[in-house]
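Nothing fancy with the numbering, it's 1 onward along the sequence. These values consider heavy atoms only, across backbone and side chains, with no hydrogens, waters or symmetry-generated copies.
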Amino acid sequence: MTSDGCPKHTLVSHVAVLHHNSALLVKYREMPDGQNGWFLPNDDLKHVEHPEEGAKRILREQVGIEPSTLKLAQIESFIGNNKSWHLIFDFLAFPLSMKITKAPNLLDAQWFEIDKLPPASEFAHHGWGHSALLKLAKTHF
């Protein structure tokens, strides 16, 4: 089940937070699908929440960031492990500073230089966030 209880659809905002040549990665205390490792900040959208508002909420609630610029980079569509149709809204966020305030649901939140990211094996979902970040960052740098 997704956060709104719909077994057929999972809507997620996913945010690549970039500051100069660095990206913000997070580790969650607990994920519904049991994944662990590094993630880009993300969350299921609330019922009728606009994906851009969801991205802003994620940044504000999880890492205390108000982005100076937020841009929809791509939309992904696939069937997830829970057999629901996933629509993932990938955003690029550009905060004015690297100051973060870690929410209680995060084990860790760190900035990494793009060319010094942890290896894909240390990311959740078989390195998906690593490849997504590199793809999204390439559109910016």
Side-chain angles (χ1 to χ4, degrees), residues 1-67 69-141:
M1 289 283 187
T2 62
S3 62
D4 272 342
C6 176
K8 295 182 181 180
H9 306 97
T10 302
L11 305 175
V12 177
S13 280
H14 198 250
V15 190
V17 185
L18 304 174
H19 190 270
H20 297 290
N21 66 335
S22 296
L24 180 64
L25 299 177
V26 299
K27 285 186 178 180
Y28 293 98
R29 290 193 185 281
E30 191 174 322
M31 290 299 285
D33 61 2
Q35 291 287 317
N36 56 34
W38 291 109
F39 287 83
L40 296 179
N42 73 88
D43 197 7
D44 290 355
L45 295 175
K46 297 178 186 219
H47 184 66
V48 305
E49 182 178 39
H50 189 281
E52 185 171 323
E53 291 306 310
K56 289 176 184 176
R57 173 182 54 80
I58 290 161
L59 294 177
R60 185 176 54 254
E61 291 178 359
Q62 293 183 12
V63 289
I65 289 176
E66 294 290 339
T69 304
L70 186 67
K71 175 177 110 175
L72 180 63
Q74 67 183 6
I75 300 172
E76 300 177 75
S77 175
F78 57 90
I79 300 297
N81 292 340
N82 66 356
K83 307 295 183 224
S84 72
W85 175 36
H86 284 53
L87 275 179
I88 311 295
F89 299 88
D90 289 326
F91 286 88
L92 289 168
F94 304 98
L96 295 174
S97 80
M98 296 175 84
K99 182 180 183 297
I100 57 173
T101 304
K102 189 176 73 165
N105 70 326
L106 295 181
L107 279 174
D108 201 358
Q110 290 185 42
W111 289 96
F112 292 91
E113 290 181 30
I114 296 292
D115 59 356
K116 295 179 183 168
L117 293 174
S121 61
E122 292 182 21
F123 280 73
H125 297 107
H126 310 288
W128 178 81
H130 186 272
S131 58
L133 177 58
L134 291 177
K135 180 179 177 184
L136 293 169
K138 191 163 57 170
T139 66
H140 173 65
F141 296 117

* Asked: At what distance, to the nearest 0.5 angstrom, does OG of S22 lie from CG of D115?
  -> 9.0 Å
* Asked: Roughly how far, to the nearest 0.5 Å, is the OG atom of S84 from the NZ atom of K8?
  -> 11.5 Å
* N36 vs E30, side chain to side chain contact (heavy atoms under 4.5 Å, CB included): CA-CA, chis, key distance, verdict -> CA-CA 8 Å; N36 56 34; E30 191 174 322; over 6 Å; no
* Validation row: L136, L18 side chains within 4.5 angstrom (heavy atoms) -> no
* Asked: Which atoms form the tightest heavy-atom contact between P95 and A93, and what is the distance?
  -> CD-O, 3.6 Å
* Asked: Do T10 and I88 come within less than 4.5 Å of each other through their side chains, counting heavy atoms only?
  -> no
* Structure fact -> Sequence neighbours excluded, the answer for side chain to side chain contact (heavy atoms under 4.5 Å, CB included) partners of L87 is L11, I75, S77, W85, F89
* Structure fact -> In this structure, CG of L70 is separated from CZ of F91 (nearest 0.5 Å) by 5.5 Å
Show me, pair by pair, the donor-acceptor contacts under 3.5 angstrom made by side chains of residues 99-114, not counting sequence neighbours?
unit_1 : atom_1 : unit_2 : atom_2 : d
K102   : NZ     : L107   : O      : 3.3
D108   : OD2    : Q110   : NE2    : 2.7
W111   : NE1    : M98    : O      : 2.8

* Determine, stepwise, if the pair L40 / L24 fulfils side chain to side chain contact (heavy atoms under 4.5 Å, CB included). => CA-CA 7 Å; L40 296 179; L24 180 64; over 6 Å; no
Do any side-chain atoms of residues 121-131 form donor-acceptor pairs under 3.5 angstrom with protein atoms, and if so which ones, sequence neighbours left out?
unit_1 : atom_1 : unit_2 : atom_2 : d
H125   : NE2    : D33    : OD2    : 2.6
S131   : OG     : W128   : O      : 3.0

* **salt bridge (charged side-chain N to carboxylate O under 4.0 Å, His left out): pairs with one or both residues in residues 74-91, sequence neighbours excluded** => none
* Asked: H14 side chain to V12 main-chain N or O, any donor-acceptor pair under 3.5 Å?
  -> no
* Hey, could you give me the NE2/OG distance between H50 and S13, rounded to the nearest 0.5 Å? => 9.0 Å
* Asked: What residues form a salt bridge (Lys or Arg N to Asp or Glu O under 4.0 Å) with K27, not counting sequence neighbours?
  -> none
Enumerate donor-acceptor pairs with a distance under 3.5 Å from any side-chain N or O in residues 51-65 to protein atoms, sequence neighbours excluded.
unit_1 : atom_1 : unit_2 : atom_2 : d
R57    : NE     : E49    : OE1    : 3.4
R57    : NE     : E49    : OE2    : 2.8
R57    : NH1    : D43    : OD2    : 2.9
R57    : NH2    : D44    : O      : 3.1
R57    : NH2    : E49    : OE1    : 3.0
Q62    : OE1    : Y28    : OH     : 2.7
Q62    : NE2    : N42    : O      : 3.0

* Flag the pair H86 / H9 as yes when at least one side-chain heavy-atom distance between them is below 4.5 Å, and no otherwise. => no
